[in-house]
Q: 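Take a look at this one; I'll ask things after.
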Protein chains: 2
Amino acid sequence: MSNNQFKRGELYSVINGMATTAVARRLQKNFRNAGLELTIEQWSLLYHLWKEDGLSQQELGTRTFRDKASITRLIDNLEKLGLVERVASKTDRRINLVCLTLAAKPLQQITYELANQTMQEALNNITKDEIEIVKNVFQRVYDNLTSPDLI
Amino acid sequence: MSNNQFKRGELYSVINGMATTAVARRLQKNFRNAGLELTIEQWSLLYHLWKEDGLSQQELGTRTFRDKASITRLIDNLEKLGLVERVASKTDRRINLVCLTLAAKPLQQITYELANQTMQEALNNITKDEIEIVKNVFQRVYDNLTSPDLI
DNA sequence: GACATATAGTTAGTTATGCAACTAATTCAA
DNA sequence: TTGAATTAGTTGCATAACTAACTATATGTC
């Protein structure tokens, strides 16, 4: 039996990830209070596009850990909001490049500020070392479950 | 500025919680492969009922970090599957006690085994100390966002 | 006892998720 | 160069999430 075996009573709290759920909910609430009509899921796509505009839907899915059907619909909704548009790739006609519109520009600063503020509320009294450990563990857990030899 | 301020490029990965999402997806897959027609959300309620049968919907919501509307529908679906039933409380007619049926009994052992196996896949190469730190950080983050004086 | 307030649960509306099946475009290989 | 396999994206279906508005029961105060 592995050393890592969980006691039964501890299984759920780890799988559930209530902490990340709570952070997401708080961020959504802070968006709403600031008058932003934007879900955090939509924002998570914008976040990656602000870092690098014109990503394909596939690439957005990879970076945000979603399947391509989810991306299709999130982009649909962002297009309805006028924040992005699909631009057909000239080199590969299968690909849609997702490009930010001018309307998305003013959201970048305010949402970064709200996100930072939310993280500060959430991470009050958590040390940098602890944050590093959590991030590192998350990455390794993710790798454990997605490395090709396991799938 | 707080010491805990995230670099912008790091915000998303923490909020997203891709690791817990990946664990949940893997567990769902392992359920499906074992022929179990049960979502992990439904299982999470059963999990708490196996620990303590006859909880109210409100209490189930508290323990699984869900709002009461979500619990209503999860219980609806579990009832359709014949795994639980609502029993009106005799002391307070507002309350439904959620009780396991006989049909739920055989699921307990197999789902615990699948959950343990999934956690072992996920936590391969993660040390006990790291797990303790993650759990502790999760709890403190949750507390930061739900303590009454902040809401 | 009566009225205001709080609590438990349900319902309606919107968004999001995953899987599977599908179309269209591209690449690879005989 | 043609036919198989792969890749990008969409659509249909089912489940689940949150908010807000609602009903019914319980509690507390005058």
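These numbers come from the heavy atoms of this one structure, side chains and all, not from hydrogens, waters or symmetry mates. A, B, ... follow the sequence lines: proteins, then strands. Residue 1 opens every chain. Here the structure is a predicted model, which is why all the values come from computation and not from measurement.
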Q: Answer with yes or no whether the hydrophobic clustering places B:Val84 together with B:Val87; edges join I, L, V, M, F, W, Y residues whose side-chain heavy atoms lie under 4.5 Å apart.
A: no

Q: Do any side-chain nitrogens or oxygens of B:Gln57 fall under 4.0 Å of OP1 or OP2 in C:dT10?
A: yes

Q: Check for a donor-acceptor pair, side chain of B:Ser56 on one end and backbone N or O of B:Leu97 on the other, with a separation under 3.5 Å.
A: no

Q: Relative to the 5' end of DNA chain C, which residue comes earlier, B:Arg32 or B:Ile95, by the nucleotide with the nearest heavy atom?
A: B:Ile95

Q: Determine: side-chain N/O of B:Gln42 to OP1/OP2 of D:dA16, distance under 4.0 Å, yes or no.
A: yes

Q: Quick one: are A:His48 and A:Leu60 in side-chain contact, heavy atoms under 4.5 Å?
A: yes

Q: Does B:Arg93 make a side-chain donor-acceptor contact with the base of D:dT25, cut-off 3.5 Å?
A: no

Q: Can you check whether A:Arg66 has a side-chain N or O nearer than 4.0 Å to OP1 or OP2 of C:dT17?
A: yes

Q: Indicate, with a heavy-atom threshold strictly under 4.0 Å, whether B:Ile71 touches base, sugar-phosphate, or nothing.
A: nothing

Q: May I ask you to say whether B:Arg32 pairs ionically with B:Glu37, meaning some side-chain N is under 4.0 Å from a carboxylate O?
A: no

Q: From NZ of B:Lys80 over to P of D:dA16, roughly how many Å is that when rounded to an integer?
A: 9 Å

Q: I want to verify a distance call: between D:dG9, C:dA8, C:dC19, whose nearest atom is closest to the A:Arg73 side chain?
A: C:dC19

Q: Could you check how far CD1 of A:Ile40 sits from P of D:dA17, rounded to whole Å?
A: 14 Å

Q: Take the protein atom CG of A:Asn30 and the nucleotide atom P of D:dT19, then report the distance between them rounded to whole Å.
A: 13 Å

Q: Return the nearest nucleotide to the side chain of B:Asp67; candidates are D:dT15, D:dT19, D:dG9.
A: D:dT19

Q: Report the residue (B:Thr91 or A:Asp76) whose heavy-atom-nearest nucleotide on DNA chain D is the more 5′ of the two.
A: A:Asp76

Q: Between P on D:dA16 and CG on B:Leu74, what's the gap in Å once rounded to a whole number?
A: 5 Å

Q: For the pair made of NZ in A:Lys29 and P in D:dT19, what is the distance, rounded to whole Å?
A: 9 Å

Q: Think A:Ser70 has a side-chain N or O under 4.0 angstrom from the OP1 or OP2 of C:dG18?
A: yes

Q: What integer distance in Å separates A:Asp92:CG from D:dA8:P?
A: 8 Å

Q: I'd like to know if A:Arg140 and B:Glu130 make a salt bridge, using a cut-off of under 4.0 Å between side-chain N and carboxylate O.
A: yes

Q: Over how many whole Å does the gap from A:Gln28 atom CD to D:dT19 atom P extend?
A: 8 Å

Q: Closer than 4.0 angstrom, basic N to acidic O: yes or no for A:Arg86 and A:Asp76?
A: yes

Q: B:Ile75 has an atom CD1; how far is it from atom P of C:dT10, in whole Å?
A: 9 Å

Q: Quick one: is B:Gln58 getting a side-chain N or O under 4.0 Å of the C:dA8 phosphate, OP1 or OP2?
A: yes

Q: OP1 or OP2 of D:dG9 sitting under 4.0 Å from any side-chain N/O of A:Thr72?
A: no

Q: Below the 4.0 Å mark, does C:dA16 have OP1 or OP2 next to a side-chain nitrogen or oxygen of A:Asn77?
A: yes

Q: Please determine if a side-chain N or O atom of B:Asn96 lies less than 4.0 Å away from the OP1 or OP2 oxygen of C:dT10.
A: yes

Q: Out of C:dT26, D:dT11, D:dT15, which has the shortest distance to the side chain of B:Thr39?
A: D:dT15

